[in-house]
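Written out below as structure tokens is the structure these notes cover.
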Amino acid sequence: MDKMPRWADVFLIPLISLLLAAGLSALVILAIGENPWAALKMMVSGALGSTYGWGYTLYYTTNFIFTGLAVSVAYHARMFNIGGEGQAMLGGLGVALACLYLPLPHWLIALPVAAAAAAIFGAAWALIPGYLQAKRGSHIVITTIMFNFIAAALLNYILVNLLRPQGSMDPATAKFPEATHLPTLHDLLAPLGIAFSKAAPANVTFLVGLLACFVVWLLLWRTKLGYEIRAFGHSEPAAVYAGINPVRITVIAMLISGGLAGLMAINNVMGEAERLVMNAVEGAGFIGIAVALMGRNHPAGVLIAALLFGFLYQGGAELALWTSIPRELIVVIQALVILFTGALDDMVRMPVERLFTRRKGEA
Amino acid sequence: MVDNQQTGRPEMVAPDASRAPAIELRGISKAFGPVQANKDISIRVMPGTIHGIIGENGAGKSTLMSILYGFYKADKGEIFVNGDKKNITDSQTAIAAGIGMVFQHFKLVQNFTVLENVILGAEDGALLRPSLAKARKELTALAKEYELNVNPDAVVEDLSVGHQQRVEILKALYRQAEILILDEPTGVLTPAEADHLFRILENLRREGKTIILITHKLREIMEITDTVSVMRRGQMTATVKTSETSPEQLAELMVGRKVLLRVDKTAANPGDTVLEVRGLRVRDEAGVERLKGIDLDIRAGEVLGIAGVAGNGQSELLQVLGGMRSGKGSIRVNGQELDLTGLKSDARSRRKRGIAHVPEDRQREGLIMDFHAWENVAFGYHDDPKYQRGLFMDNDALRQDTQAKMAKFDVRPPDCWLSAKSFSGGNQQKIVVAREIERNPDLLLIGQPTRGVDIGAIEFIHEQIIALRDQGKAILLVSVELDEIFALSDRIAVMFDGQIMGVRDPAQTNEKELGLMMAGITDTGPQGQEASRNG
Amino acid sequence: MDFLTIIQILDSTVRLATPLLLACLAGLYSERAGVFDIGLEGKMLAAAFMSAAVAYVSGSVWLGLLAGVGASLALSVIHGLASITFRGNQLISAVAINFLAAGLTVLIAQSWFQQGGRTPSLIGGARFEPITLPFADSLAGVPFIGPIYSDLISGHSALVYIALAMVPLTWWILYRTRFGLRLRAVGENPAAVDTAGVSVTGLRYAAVAICGVLCGLAGAYLATGLQAGFVKDMTAGRGYIALAALIFAKWRPWYALGATLLFGLLQAVALRYQNIDLGGVVIPVQFMDALPYILTVIILAGFVGKAIPPRAGGEPYVKER
Amino acid sequence: AEPALIFDLGGKFDKSFNEAAFAGAQKWAEETGESFREIELQSEAQREQALRRFAESGANPVVMAGFAFGSALEEVAADYPDTKFVIIDMVTPGDNVRSVVFNEHEGSYLVGMMAAQKSASGVVGFVGGMDIPLIRKFACGYVQGVKAVNPDATVIQNMTGTTPAAWGDPVKGGELTKAQIAQGADVVYHAAGGTGVGVLQAAADAGIYGIGVDSNQNYMFPGHVLTSMLKRVDNAVYEAFKDGPELATGFQVMGIANGGIGYAMDEFNADLVTDEMKASVDEAAAKIASGELLVHDYMADSACPVE
Ligand SMILES: Nc1ncnc2c1ncn2[C@@H]1O[C@H](COP(=O)(O)OP(=O)(O)OP(=O)(O)O)[C@@H](O)[C@H]1O
Ligand SMILES: Nc1ncnc2c1ncn2[C@@H]1O[C@H](COP(=O)(O)OP(=O)(O)OP(=O)(O)O)[C@@H](O)[C@H]1O
Ligand SMILES: [Mg+2]
Ligand SMILES: [Mg+2]
């Protein structure tokens, strides 16, 4: 007997959480002496009012789809992967190495090769925490946090000492060769007669992101492996009873999760910067947590939540550009969303549940 | 170690009708979400008596006592202690009112010493040193007075269950409890330890303390209590003087109708040996040896029942056979050796060898509570080609299969889209049993098949087990209910301390003999006919 | 490396270890009571900002300290509400708190001071001044002992000495007082505490509050002791290093001192030398930066002594489903 | 069109490089009564977006403070041929780009001379920000100046880090300075952006002298900042704004000769600098301006003749 209809759990509760977060953010904006309504309008027009805005919104969305999916897959196996940041960083390294050192004549070849490199590097970075969790019970949350820092130091070393071109001052790799540049939405939509801003970085990776959502859905709900991941996530003793090997599933789930986080790099590193810079991930790994929580760990939910955060990100960048509201406003909103949808879920849920049980009682 | 000498029953302190009851509960109700655990319960417990409470699993006994102890808060109802109305909001007020409780699952801090556990919450001041010194003295006195010996400096996790229980009792006594609640204290004890416990309880009663004893063992009720209350499905069905009732009457009150737990079955017709276990040894995660060399045979067409006090290795036996644990020794099924360690020792490989397994704990192991019924019907068999279509799982086939099984096993409601947690305990068990039996296994491992299941469902499940046997399959049954063991088994093996104490023919043995074997005593002569306890 | 350099590096170690030690002990209280806290970072950051802001405005470092502790406590209350009262996920709650602090500090700093998310530099009484211990100057000339006493031991700000004093105090509270006994018990088995008639909620809130106070001190030290003012993200991962130290220390006070001094030393060395040449093998500074994390992973993996966290840690205490 | 200014990661109020750029823009705004747009970058990846956003919205010219914009600008400039871009500290190709570079080594030489004269111990320090050729250019000029006065002087050099984070790490700046002081340094020059606040703080705390950079930082710790090496980023920005959309593109060098480089004297350090010191430094400045004295530029050959 369920206490609440499913739609309430899937839509109503995240919506209420979001509204709470938005309300509090509005108060914060008021408190720093700005007009929340005007801010919202500016965010909407900046993020959705032009193809340029859309181009950035979708670009950020693509990042968050990957990191959100990464968190979700791990979550289904009852692991909280907060190492998306480091895994995406390493994914970037994979992309950079592939683009710089492999002969890739055309983007159609470069994309799958770089994607594979990104996924492999991201997965490799998730492997050790996953393995340690499975074999030695080392808490995955702590190890993935540690691995974020280790990744940053490693990348720092590699960029500064190994990959930085001679004479360059930036700790960044050389520009990737022309042939590996991914077509932007402008390039893709032009043949269809649709004019899309040339300046915006949204690129073909967005389509890869949509595909990833679908594939993850297939994986989790239509394959044996997905079945095993979910079963393990719900109950480890039951999984053992059913002959599901906990070590194998833990490691595989982390590999998939890390691979997805790593895949993000084809968007930001290959699609946008076209070289690997320090801190290219820009916290997207952490936003994945908020995205997964809001999206209820379902790929469709992740897609919607990623869009929302893409909007917030681009809108927030616009705010920072044209007003004195710093971009950190988005970080606050992000924090509140995580707080309400994740940690204070019960606070939101209990009154709603009560409402429904009362209604049912009356009916 | 057991002197077989029943402590003579002391002269009973006559319950003084003029005195106020030590405990009186009026109209207690408590719901956990949709589950109504206690419904309008009233009960009086007279001072200086041992008051038994019996009832099936889930009847609400623990809930009621936890309310009295302030652990849960009742939705409705009043509590009187020694005639005074008490508003028991938390355990602190209960303790202040002189109530102590030993929980079914001990509430001890595992890495604290006995002394630290005893003073926790009952310290004398902000600093520990004086409290510890005082408690050490007090403990010595209590130990002498009540035969409650434990080393005050031992760390709790190193103590045996029996000793941990003593610590719990000491905790209550240290807080000067006049009313002591014990929730299923003997479930985890060997008969010898249980006897010791009862001697302690007698002592306490003699001191004038009031004891409430929860159990579902009728023998214990008859042996030690003065009064007994029976609970069924959250309600109090009766309170009677022990001397004026009989086990049969209590059983009937407990389940709500006449019980005659005999399954109609014909004699077994055993065929070839299906399962052959030799020298099986298993260590648990802590490195403790739980199976110490088990030898067993089961033939096609027979049910081997394993009797024993919970915790003597039965669970580990099922788990190692079912591929949930690794072990040492030899297991053969249909003459073929099974791997006991490594990749091929898992449950999946066992299933491939024709072993099906109904686990002891359906909610923790047998089902994924959040999965739909149809997903659960594939559980453990999800890689069966029947459920696959190319790269993907064939969910339509799975749902059809589920509907068919639900119809055959009368699962209610027959809706394959409901999640497992939305079914009642009995129906959950039917889903698991249907899944395993319908695989038509050569060997069925089945643990506690009817724990917490209602009578109707019990009969149904028992019939299915016998039907499977009659198809010529081998069945290993583990149950703590002796009645069930007797009803189903063609042979009975008794486990004690990780070993098989012996195998008996149910027609040629009795509960007394099995009881002794369960306590580790085997030197009772052939077939143990004359083995008995005086009393 | 000469004696003086060693003294200098150790001196720097003490300074850098202080915020780690305070935060580590903060985490110790909270986690010993069963409330995991990966939000040390956020609380320190909030405290750093508030202490700097109030110290700047009021000119008094003590008022600043109070405000910093207040800010940190406020976040502790949120963590308590989420993880104790509403039985939410403690990890998620802490992640949220870290982001909240990262965002709000910059937002408010920008609104108050318009300096791009920093506070103005603190001068005079708005900062913790070094304390010269008695005889430090007169002993300075004595060989060996002199530099150790006057340079290494003397001349730190009040919070350094407070942090060091917290170690024995914490040990004493944990193992010698009633509160400590109950605190440890509630992190191991809250049901035992509950049935012994002690409030689990009360104990856990108390622990979370102590955690808030200590994080407040750590943050205030960063902004008003180690540095002179707040800059964006100035904790720079110190909360996580403190967490790592807590695991390294196996949740014990004296070990915590050792672990934070070790990590402080690593930072001090990494600060002073870009690359360390160990007879031909050059250790890059990035490796030094990552070393605390690598060590923690090794410890977590149980290769060097297993770290067993409090048994009830991370789980909300739920009696009724 | 409104001109626009983009600050680098150190932030607008780093009291140094970015703040100087801001001051130039401010001066232009005050003089003309017009307004300009600005943004502080929060991350590497934002560079290109900021450039595009300004170009897109019609800002002209778009001025960016910092070498790190180089590669982003290379990418963007061609897409907006009608917009003029000005980049400071970096040479970037493009028909619509003005690249402004400074002869920092010249100014560093001057303050190095002053440091050597002020130092009683004969040991002076240098704390750089990110370890890049540009900062080595500062260091090299400084050492040359020190040695010109006192050939036996020791110069302790430290770089804060290898990533842009090195521009905003006052704690590390402070620790490095303390270490240098412990080694006897009594004047420390920093070229470390926001990190330098920690350097000057530590110097002031220890009662020795710091030397500021880029902007005039003398006021920050009165009596403890000997002088500041002025890199007139403000002038560069001011001029770019004043030239407006029609500004001349190409390569522009700012040095002592054209007032792009200097050192700061004001009421805060008047008591610290003797007339004698000032006279010798001014003399050297005149020689450099006239070309009589050539200070070696590290970036010319990635090497420094003195250590
Ligand atoms: N903390 C709880 N949360 C939710 N439901 C509970 C809780 N404790 C007990 N219940 C439910 O309340 C009912 C009564 O449980 P209770 O433990 O009181 O039974 P019991 O008579 O002690 O059974 P047993 O003999 O198995 O110990 C059961 O259906 C049980 O599932
Ligand atoms: N944990 C739960 N979550 C949701 N619904 C539940 C839960 N436990 C019980 N229910 C609902 O309560 C109903 C009664 O369950 P309960 O286990 O008390 O049945 P029961 O009367 O004991 O039956 P049975 O004898 O078959 O166990 C079930 O049909 C189920 O829908
Ligand atoms: Mg019970
Ligand atoms: Mg039931």
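- Between C/Phe99 and A/Phe286, the ring planes lie perpendicular to each other; the angle is over 60°, past the 30° to 60° tilted range.
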Please lay out, stage by stage, how C/Leu300 and A/Leu132 fare under the test side chain to side chain contact (heavy atoms under 4.5 Å, CB included).
CA-CA 8 Å; C/Leu300 269 174; A/Leu132 289 179; over 6 Å; no

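- C/Gly103 and A/Val331 get closest at one heavy-atom pair: N-CG1, 3.9 Å.
- The CG atom of A/Leu344 sits 7.0 Å away from atom OG of C/Ser93, with the distance rounded to the nearest 0.5 Å.
- Proximity of C/Gln286 to A/Asn161: side-chain heavy atoms (C-beta onward) are separated by under 4.5 Å at one or more points.
- The two residues A/Ala153 and C/Ala290 make their nearest non-hydrogen contact at CB-CB, 3.7 Å.
- Across C/Ile92 and A/Gly342, no two heavy atoms sit closer than the pair CG2-CA, 3.7 Å.
- When each of A/Phe80, A/Tyr157, A/Phe147 is scored by its heavy-atom pairs under 4.5 Å with chain C, the top score falls to A/Tyr157.
- For chain A, no part of C/Leu291 is nearby; none of its heavy atoms comes within less than 4.5 Å.
- Between chain C and the options A/Thr143, A/Val141, A/Asp345, heavy-atom pairs under 4.5 Å are most frequent for A/Val141.
- For the atom pair C/Ile241 CD1 and A/Met146 CE, the distance stands at 8.5 Å (nearest 0.5 Å).
- Open room surrounds OH on A/Tyr75; 12 or fewer heavy atoms of other groups in view lie less than 6.0 Å from it.
- For A/Val160, the part lying under 4.5 angstrom from a heavy atom of chain C is the side chain only.
- A/Ile338 and C/Ala96 get closest at one heavy-atom pair: CG2-CB, 3.8 Å.
- In this structure, chain C has a heavy atom under 4.5 Å from the side chain of A/Ile145, while its backbone stays farther away.
- Of the two parts of A/Leu293, only the side chain, counted from C-beta on, holds a non-hydrogen atom closer than 4.5 Å to a non-hydrogen atom of chain C.
- The CD1 atom of A/Ile150 lies 9.0 Å from the OH atom of C/Tyr293; values are rounded to the nearest 0.5 Å.
- A/Glu328 places none of its side-chain heavy atoms less than 4.5 Å from the side chain of C/Gln110.
- Atom CZ of C/Phe86 has more than 12 heavy atoms from other residues, nucleotides or ligands within 6.0 Å.
- Considering CG of C/Asn89 and CG of A/Asp346, their distance stands at 11.5 Å, rounded to 0.5 Å.
- Heavy atoms of A/Ile82 lying under 4.5 Å from chain C belong exclusively to its side chain.
- Residues A/His139 and C/Leu91 meet the side-chain proximity criterion, which asks for heavy atoms closer than 4.5 Å.
- Rounded to the nearest 0.5 Å, atoms CG (C/Leu107) and CD1 (A/Ile32) are 4.0 Å apart.
- By the 4.5 Å heavy-atom criterion applied to side chains, C/Ile38 and A/Ile142 are counted as neighbours.
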